[in-house]
Enquirer: 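I have a structure here, written as structure tokens, and I will follow up with some questions on it.
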Amino acid sequence: MKKSLLILFFFLMTVLFSSGCARKIYEIAYPTLNDGKYDSEFPYKSASKELEQISETVKKLTSIAYYKSYVFSRESRVVMNDIVNDIYTRKVSEEIFYNSSVIGTATVLSYTNKRVILLTCAHVVDFPDTVITYYDIPGEPKHRFIQSVSFKKRQSNYIAEFPEKGELEILAIDKALDIVLLGKTFYQTPTMQIPVFSYPMGKSRELDWGTFVYLVGYPKGYQMVTKGIVSQPNRDKNGSYIVDALFNRGFSGGIVLAIKDGVPNFELVGIAGSVSADFEYYITPPPDIGQMGYDPRLPYKGDVYIQFQKEINYGITFVISTEEILSFIKENQSALRDKGYDLGSLLAKFK
């Protein structure tokens, strides 16, 4: 009997001790969940439901620019005055039509009265109106004799899943800040739902070293959620910072989310703007060389072309702050209202 009571006593003490330790561990592990700051801890509970809801407001944006290019022979010695005075057409040796396309990420910030507003990076939709290449002729000044000139004929920015072809217009753009607002006025009320990002716009300046963030975007055209931690907070005194999240083409404009005092308290703290990269040129055979069945064991003697290559340094992603986004929206507020877009609900999201 005494032995049984002794076993029971030790069992109860073990349970109480374990329970007390569990509470103590929880208090140590999550001491800052109610400090009013952005969390640096990995979320202590599932955030899948909230992230799925947020992902529905993030769209794949496609932007295509269509060009007509005029090519000149070296002997024609075309200069800029020929282009300005519109006499270059008499010296054209070849005309080429081509297009340039970019995939990015845009987020629905507002949808009222059949008008939708989306946020993304300016470089996703920023194509030059004119592109000029030059011959490098020994003994002649550089950038004197023109090899080709290309003129942009039209541009299409669209969300494929939107009705009425999903074509968007540029409402306001700032190339220096790398921010653009896109919009569309539907002729008829869409039968499909257009979810709007409904979480608060946070303050990027309040992020700290090691703050935990989520990123949502379309790298390589695939919708994905990834995570990272903040470095160099407020690096330019405008709230910008760096995260170590992986970045691929298509992620530009993807939203960055921080959590304040635990899930589900998400806040938008910026958009992924650019990534560290190295640039280089290299010589290559024609693009269709693979279809020609070239034997790599033999010396290649055909035409060669110069290609431009950007090598991404993964894990160094630069983020545009919400402070810069808010300043941009306020600066263009009156112009947007003149176009019929109501920014009241949008500005209300900024605390």
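For this chain, numbers begin at 1 and follow the sequence in order. Computed over heavy atoms, backbone and side chain alike; hydrogens, waters and symmetry mates excluded. Please read all numbers here as calculations on a predicted model, not as lab measurements.
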Enquirer: Which residues pass the side chain to side chain contact (heavy atoms under 4.5 Å, CB included) test with Asn81, not counting sequence neighbours?
Expert: Val79, Asn85
Enquirer: Does anything in residues 112-138 pair up under salt bridge (Lys or Arg N to Asp or Glu O under 4.0 Å), and if so which pairs, sequence neighbours excluded?
Expert: Asp126-Lys175, Asp129-Lys152
Enquirer: Restricting to side chain to side chain contact (heavy atoms under 4.5 Å, CB included), what partner residues turn up for Glu324, sequence neighbours left out?
Expert: Leu177, Ile179, Asp236, Asn238, Ser240, Ile320, Ser321
Enquirer: Can you sort out the partners of Ser327 under side chain to side chain contact (heavy atoms under 4.5 Å, CB included), two or more places apart, ordered by chain and number?
Expert: none
Enquirer: Among Thr57, Ile54, Ile255, Leu257, which residue satisfies the side-chain contact (heavy atoms from CB on, under 4.5 Å) criterion with Tyr199?
Expert: Ile54
Enquirer: Could you note down all residue pairs passing salt bridge (Lys or Arg N to Asp or Glu O under 4.0 Å) where residues 47-61 supplies at least one of them, sequence neighbours left out?
Expert: Lys59-Glu161
Enquirer: Transitive ILVMFWY cluster of Ile64 at side-chain heavy atoms under 4.5 Å: who else is in it?
Expert: Tyr66, Tyr158
Enquirer: What pairs of residues pass the salt bridge (Lys or Arg N to Asp or Glu O under 4.0 Å) test when at least one of them lies in residues 206-231, not counting sequence neighbours?
Expert: Glu206-Lys260
Enquirer: Using the ring-ring contact (aromatic ring centres under 6.0 Å, His included) rule, collect all pairs that involve residues 159-189, keeping only residues at least two apart or in two chains.
Expert: none
Enquirer: Under the side chain to side chain contact (heavy atoms under 4.5 Å, CB included) test, which residues partner Glu331, sequence neighbours left out?
Expert: none
Enquirer: Between the side chain of Gln155 and the main-chain N/O of Val125, is any donor-acceptor distance below 3.5 Å?
Expert: yes
Enquirer: Apply salt bridge (Lys or Arg N to Asp or Glu O under 4.0 Å) to Lys330 and list each qualifying residue two or more places apart in sequence or on a separate chain.
Expert: none
Enquirer: Please enumerate all residues that pass salt bridge (Lys or Arg N to Asp or Glu O under 4.0 Å) together with Arg77, with sequence neighbours excluded.
Expert: Glu140
Enquirer: State which residues pass ring-ring contact (aromatic ring centres under 6.0 Å, His included) with Tyr67; sequence neighbours excluded, sorted by chain then number.
Expert: Tyr98
